[in-house]
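Being a predicted model, the structure only gives us computed values, none of them experimental. Remember, it's 1-based here, ligands and their atoms both numbered in the order they're listed. Residues: numbered from 1 along the sequence shown.
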Amino acid sequence: MLQEHGQREVFCGLAAIVWLHRKIQDAFFLVVGSRTCAHLIQSAAGVMIFAEPRFATAILDERDLAGLADCHDELDRVVAQLLARRPDIGTLFLVGSCPSEVLRLDLDKAAERLSAAHQGRVRVLSFSGSGLDTTFTQGEDTCLEALVANLPAAPADDSAWLVVGTLAETIEDQFARLFAELGIGPVRFLPPRRAADLPPVGPRTRFLLAQPYLGATARALIARGATHVPALFPLGIEGTREWLRAAAVAAGVDMDRFERVIAAPVARAEQGLARYRDWLAGKRISFLPDSQLEIPVARFLSRECGMEPIEIGVPYLDRQAMAGELPLVPDRVRLVEGQDLDTQLDRVRAARPDLTVCGLGLANPLEAEGLRTKWSIELVFTPIQGFDQVGDLAELFARPLIRQARLVA
Ligand code: SF4
């Protein structure tokens, strides 16, 4: 495995607000940042322009550099204005960013102060979306970590399960049905659809990670007494089967029952996958480090679709989260942690893979050089987990290859 340090090309954690605000429907995200942050969040989430948005930016620019007290006063004023205008806000997240004037603010303290000032009216929490040393999916990790600190304590006899990581509601519903058919439950989801419905946590809580970029959240849950049930991530037939099987084994579910319950969804998944497998088999693929989903996605593409990963880049390697996935990475693949953009691009140009998975900013230049690309951010905006989405996951990667074949024909 190679470790690289150098220029990085990734979105910052503010991008996570785009999917978090859709998921947690009674929460408001107030970015405490600069005009750059405001531009990013408005262009990334601009599709919400027709709805009453549930995100905004409190811009703390040079005008506030005179003193920290000014920044706090400014923040208090913006929050008071916002709450007066939006009585529907039940949970307010202050989202930190990386400009120096914001880094000097203690947003945890500000959240405590504002919670006390608006007691009974709104719960104020804070997390960091700073782009200094994170990748965009870590915005969800820091947000859920903040939520974990506020989860109610579970009653002593509550032995519920938690599925941790944002999933599309249709996928949550599919998983909830499968858990119920397996006799595993109650199963709750973090984040919840409403921040007012935070699931309880305690020493008898067991949790499964649905997303691979939630190391800080997992550690916070363990610190609250919960037990992590390690598993592959629920991507592809193998990943979903092993993810559910880990829960079934921990819950003592009879394996004949397990096979019976998953038989029909697996058959549907195989059908969905069959439509795209021929397009993908034998094609070479490289991953530039971006979403933290690279390793489980590469596992699916190589083991179930017959693709040949050449290089898998990850922003950082969480060995604990990846413990089940790493042994399934093919031996010949170059695994790279971190980013040195120019050298990685040189390797892509030299290898000329059939498909390169990368961030938005790199896709167009690579396409201009005749290289086919897939935006990695689509992996967090597209429902891809679970058996019924296996065909859609394969299609994401087949689509650029099909388009190219049509253009050539
Ligand atoms: Fe840019 Fe930092 Fe704001 Fe992200 S948090 S938009 S990286 S200034």
(Q) I'd like to know whether the aromatic ring centres of Trp243 and Phe175 sit less than 6.0 Å apart in this structure. (A) yes
Taking the basic N atoms (NZ, or NE/NH1/NH2) and the acidic carboxylate oxygens, is any pair closer than 4.0 Å for [X] and [Y]?
| X | Y | result |
| --- | --- | --- |
| Arg77 | Glu74 | yes |
| Glu140 | Lys23 | no |
| Arg113 | Asp76 | yes |

**Q.** Under 2.8 Å: N/O/S of Cys37 next to atom 4 (Fe) of ligand 1
**A.** no
Q | Protein heavy-atom partner closest to atom 1 (Fe) of ligand 1 - residue, atom, separation in Å | A | Thr36 CG2, 3.9 Å
For ligand 1, which atoms sit closer than 4.0 Å to a heavy atom of [X]?
| X | answer |
| --- | --- |
| Ser97 | 5 (S) |
| Cys12 | 4 (Fe), 5 (S), 6 (S), 7 (S) |
| Cys98 | 2 (Fe), 5 (S), 7 (S), 8 (S) |

**Q.** Side-chain donor-acceptor contact under 3.5 Å, Thr373 with Glu367
**A.** yes
